[in-house]
Trainee: 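First the structure, then my questions, so here it is.
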Amino acid sequence: MRGPDALGTLPSPSDLTRAVLDRCAAAGFERSGIATPEPSAYQRELHEWLEAGKQGTMAWLAEHLHVRTDPGRLLRGSRAIVMVAARYAGRGDADAATPEGHGRIARYARGSDYHRAFKKRLHAICDELREAHPGHECRAFTDIEPMPERELAARAGIGWIGKHTLVIEPRLGSWLALGGFATTLPLEAPPEQRTVPDHCGTCTRCIDACPTGCITPYSVDASRCISYLTIERREAIASDVQGRVGNWLFGCDVCQEVCPHNSVRGGDAGGSLGIPEVAGERRTLGLLDVLGWTPEDRTAALPNSVIKRATLLTLKRNAIVVIGNQLARRRDEGLVGRVRAIAADPDEPMLLRETAAGVLARLRVEAASSPIDRTRSDGHRSGK
Ligand code: SF4
Ligand code: SF4
């Protein structure tokens with residue numbers, strides 16, 4: 001790895017840029033590039049999206065709009081934004097059928113929290129640059145800060161923004177976490193950096209497969225997205241949407257699973273992951289385990305995990321919804337009894353009691369209107 005001396009002694013912006021991008025690669029970032037700190041080209045779309053309420057209860061998305069629409073304002077005097085990307089899963093990463101009694105975890109949350117892994121590396125690079133170039137500043141960001149990361153990644157030549165609104169790198173696919181840092185250093189796009197053209201073409205697979213139908217080309221109604229519903233939404237999930245949640249306990253990967261750019265092609269799967277700890281094998285969690293967790297159990301079961309972004313109450317609500325979806329496919333008296341017990345227990349939080357009561361009501365209606373279909377084994381399309 002290059003040290004501060006190597007970064008500090010380089011004379012020209014192009015050489016300094018080369019050194020910074022090499023340092024990013026040495027840190028494990030699989031792609032990096034330089035974005036200009038210009039205002040967003042999607043300001044009107046963002047305002048319309050917010051005015052339509054598509055952010056759901058994520059009120060923070062309407063905050064710090066001066067930065068979200070003008071990323072150069074994250075750091076006074078910004079002259080460049082270094083964008084980085086690393087995979088949390090490889091192309092062709094497919095899940096086996098979800099075992100009954102388990103809920104699925106989105107791929108980005110199966111290993112160590114990528115925010116921490118990215119920040120540790122980005123802060124180290126920023127510290128080196130500050131030390132090597134006194135008077136210059138850097139400010140790192142990863143998801144939490146109000147930066148238009150996907151637009152910046154596209155601007156930095158990392159990939160294009162697909163119709164599902166996620167960045168697709170032509171060789172690596174879209175299982176990518178993003179981050180970066182703004183800097184006052186005079187970095188410039190290297191000669192080989194190119195804008196990646198949109199390769200979605202006439203494909204509509206993600207739109208067709210989305211269980212809640214919340215994708216229109218290049219826009220997602222987050223208020224109906226399962227990732228939002230199972231992670232960020234603290235209130236009840238509407239009963240008419242619960243069936244569409246399928247087996248997802250935390251997040252949703254359907255639109256990325258069906259994308260042809262995430263399939264294995266010609267043996268070119270991108271090799272091993274640059275930051276391996278962000279990938280993981282925690283593909284599911286036991287639903288009854290989650291329902292039995294205390295706060296201490298949750299902490300112990302999810303060390304260094306982004307799953308803790310969802311509160312314990314949210315995870316338990318999700319577990320009841322998923323149990324209901326599995327019971328709609330296959331009757332299990334033990335699970336029915338557990339849901340009944342929650343609905344009747346005055347010591348359970350109201351959110352859980354109401355969710356359980358709603359599941360029981362839905363099962364009664366479905367049982368009365370049609371025989372239980374025992375042939376369906378995969379819940380994530382159950383709303384289609
Ligand atoms: S994450 Fe799931 S619900 Fe959200 S847009 Fe993608 S497929 Fe639809
Ligand atoms: S599934 Fe098709 S339309 Fe959707 S992002 Fe992938 S290539 Fe684009």
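Basis for what follows: all heavy atoms, side chains included, without hydrogens, waters or symmetry-related copies. Everything quoted here is computed from the prediction, not taken from an experiment.
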Trainee: Run the salt-bridge test on Glu192 and Arg18 with the 4.0 Å N-O cut-off and return the result as yes or no.
Mentor: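 Salt bridge present between Glu192 and Arg18.
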
Trainee: For Arg104, is there an ion pair with Asp95 - N to carboxylate O distance below 4.0 angstrom?
Mentor: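 The answer is yes: the pair qualifies as a salt bridge.
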
Trainee: Does Lys163 reach the main-chain N or O of Thr204 with its side chain, forming a donor-acceptor pair under 3.5 Å?
Mentor: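 Side chain of Lys163 to backbone of Thr204, a donor-acceptor pair under 3.5 Å: no, none is there.
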
Trainee: Would Arg298 and Trp293 count as a cation-pi pair here, with the cationic atom under 6.0 angstrom from the ring centre and within 45° of the axis?
Mentor: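 No.
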
Trainee: Can you give me the closest heavy-atom contact between Val84 and Cys24, atom names plus distance?
Mentor: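 Smallest interatomic distance, heavy atoms only, reads CG1-SG, 3.9 Å.
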
Trainee: Is there a donor-acceptor pair closer than 3.5 Å between any side-chain N or O of Thr299 and the backbone N or O of Pro295?
Mentor: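 Yes, because the side chain of Thr299 sits within donor-acceptor range (under 3.5 Å) of the backbone of Pro295.
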
Trainee: With distance as the sole test, does Arg283 use its side chain to make a donor-acceptor pair with the main-chain N or O of Gly280 at under 3.5 Å?
Mentor: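 Here the side-chain-to-backbone pair does not exist.
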
Trainee: Using a distance-only test with no angle check, is there a side-chain donor-acceptor pair under 3.5 angstrom linking Tyr42 and Thr69?
Mentor: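 Judged by distance alone, the side chains do not pair up.
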
Trainee: Classify the side-chain pair Asn262/Glu257 by whether it contains a donor and acceptor separated by less than 3.5 Å.
Mentor: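 No - no donor-acceptor pair under 3.5 Å links their side chains.
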
Trainee: Verify whether one side chain among Tyr218 and Asp198 offers a donor that lies under 3.5 Å from an acceptor in the other.
Mentor: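 On atom types as modelled, these side chains qualify, holding a pair under 3.5 Å.
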
Trainee: For Pro217 versus Ile207, what's the shortest heavy-atom pair and its separation?
Mentor: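 Residues Pro217 and Ile207, closest heavy atoms: CG-CD1, 3.8 Å.
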
Trainee: So does His102 get a backbone contact from the side chain of Gln326, meaning a donor-acceptor N/O pair under 3.5 Å?
Mentor: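 Judged by distance alone, yes, a pair lies under 3.5 Å.
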
Trainee: Can you name the nearest heavy-atom pair linking His123 to Ala140, along with the distance?
Mentor: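 So the minimum-distance heavy-atom pair works out to CD2-CB, 3.7 Å.
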
Trainee: Is it the case that the side chain of Arg44 and the backbone of Ala41 share a donor-acceptor pair, with hydrogens and angles ignored and the cut-off at 3.5 Å?
Mentor: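 Not a single qualifying donor-acceptor pair exists.
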
Trainee: May I ask you to decide if the ring planes of Trp175 and Tyr88 are parallel, tilted or perpendicular, using 30° and 60° as cut-offs?
Mentor: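 Aromatic pair Trp175/Tyr88 classed perpendicular.
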
Trainee: Please check if the side chain of Glu169 supplies one atom and the backbone of Arg171 the other of a donor-acceptor pair under 3.5 Å.
Mentor: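 Flag set: sc Glu169 to bb Arg171 pair under 3.5 Å.
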
Trainee: What is the distance from atom CG of Leu152 to atom CG of Leu74, rounded to the nearest 0.5 Å?
Mentor: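 Here the interatomic distance stands at 10.0 Å.
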
Trainee: How many angstroms lie between atom CE of Met83 and atom CZ of Arg31, to the nearest 0.5 angstrom?
Mentor: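 Output value for this atom pair is 14.0 Å.
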
Trainee: Going by an N to O cut-off under 4.0 Å, is there a salt bridge joining Arg130 and Asp127?
Mentor: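 Yes.
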
Trainee: Any idea which heavy atoms bring Arg234 and Ala310 closest together, and the distance?
Mentor: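 Residues Arg234 and Ala310, closest heavy atoms: NH1-CA, 4.5 Å.
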
Trainee: How are the rings of His261 and His199 set to each other: parallel, tilted or perpendicular (split at 30° and 60°)?
Mentor: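 Geometry flag for His199 against His261: tilted rings.
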
Trainee: Short question: side chain of Thr17, backbone of Glu188 - any donor-acceptor pair under 3.5 Å?
Mentor: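 Yes, the answer is positive, given that a donor and an acceptor are paired below the 3.5 Å cut-off.
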
Trainee: Tell me if a side-chain donor or acceptor on Arg79 pairs with a main-chain N or O of Leu185 at a distance below 3.5 Å.
Mentor: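 Not a single qualifying donor-acceptor pair exists.
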
Trainee: Assess the side chains of Thr165 and Arg150: does a donor N or O sit below 3.5 Å from an acceptor N or O?
Mentor: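 The criterion, which ignores hydrogens and geometry beyond distance, is satisfied for Arg150 and Thr165.
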
Trainee: Nearest 0.5 Å, what's the SG-CD1 distance between Cys252 and Ile231?
Mentor: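 One gets 9.5 Å once the value is rounded to the nearest 0.5 Å.
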
Trainee: Charged N to carboxylate O below 4.0 Å: is that the case for Glu232 and Arg309?
Mentor: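 Yes, Glu232 and Arg309 are salt-bridged.
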
Trainee: Any chance the side chains of His136 and Thr184 put a donor and an acceptor closer than 3.5 Å?
Mentor: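 Per modelled atom types, His136 and Thr184 side chains form a pair under 3.5 Å.
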
Trainee: Closer than 3.5 angstrom, by distance alone: can the side chain of Arg121 be matched with the main-chain N or O of Arg116 as a donor-acceptor pair?
Mentor: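 No: the side chain of Arg121 does not pair with the backbone of Arg116.
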
Trainee: Are a donor atom and an acceptor atom from the side chains of Arg233 and Asn318 found within less than 3.5 Å of each other?
Mentor: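 Note: Arg233 and Asn318 side chains miss the donor-acceptor criterion.
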
Trainee: So, Arg317 side chain and Glu235 main chain: donor-acceptor pair closer than 3.5 Å or not?
Mentor: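 Flag set: sc Arg317 to bb Glu235 pair under 3.5 Å.
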
Trainee: If every non-hydrogen atom of Pro186 is compared with every non-hydrogen atom of Pro13, which pair is closest and at what distance?
Mentor: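 In terms of heavy atoms, the two residues are closest at O-CB, 3.0 Å.
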
Trainee: Inspect the contact between Arg110 and Glu281 and indicate whether a charged nitrogen and a carboxylate oxygen are less than 4.0 angstrom apart.
Mentor: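 Not counted as a salt bridge, because no side-chain N and carboxylate O are separated by less than 4.0 Å.
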
Trainee: Identify whether the distance between the nearest side-chain nitrogen and carboxylate oxygen of Asp143 and Lys119 falls below 4.0 Å.
Mentor: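 The answer is no: the pair does not qualify as a salt bridge.
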
Trainee: Tell me yes or no: between the side chains of Gln256 and Ser174, is some donor less than 3.5 Å from an acceptor?
Mentor: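 A donor-acceptor contact under 3.5 Å links the two side chains.
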
Trainee: Measuring from Gln55:CD to Leu46:CG, what's the distance to the nearest 0.5 Å?
Mentor: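 Between atom CD of Gln55 and atom CG of Leu46 there are 9.0 Å.
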
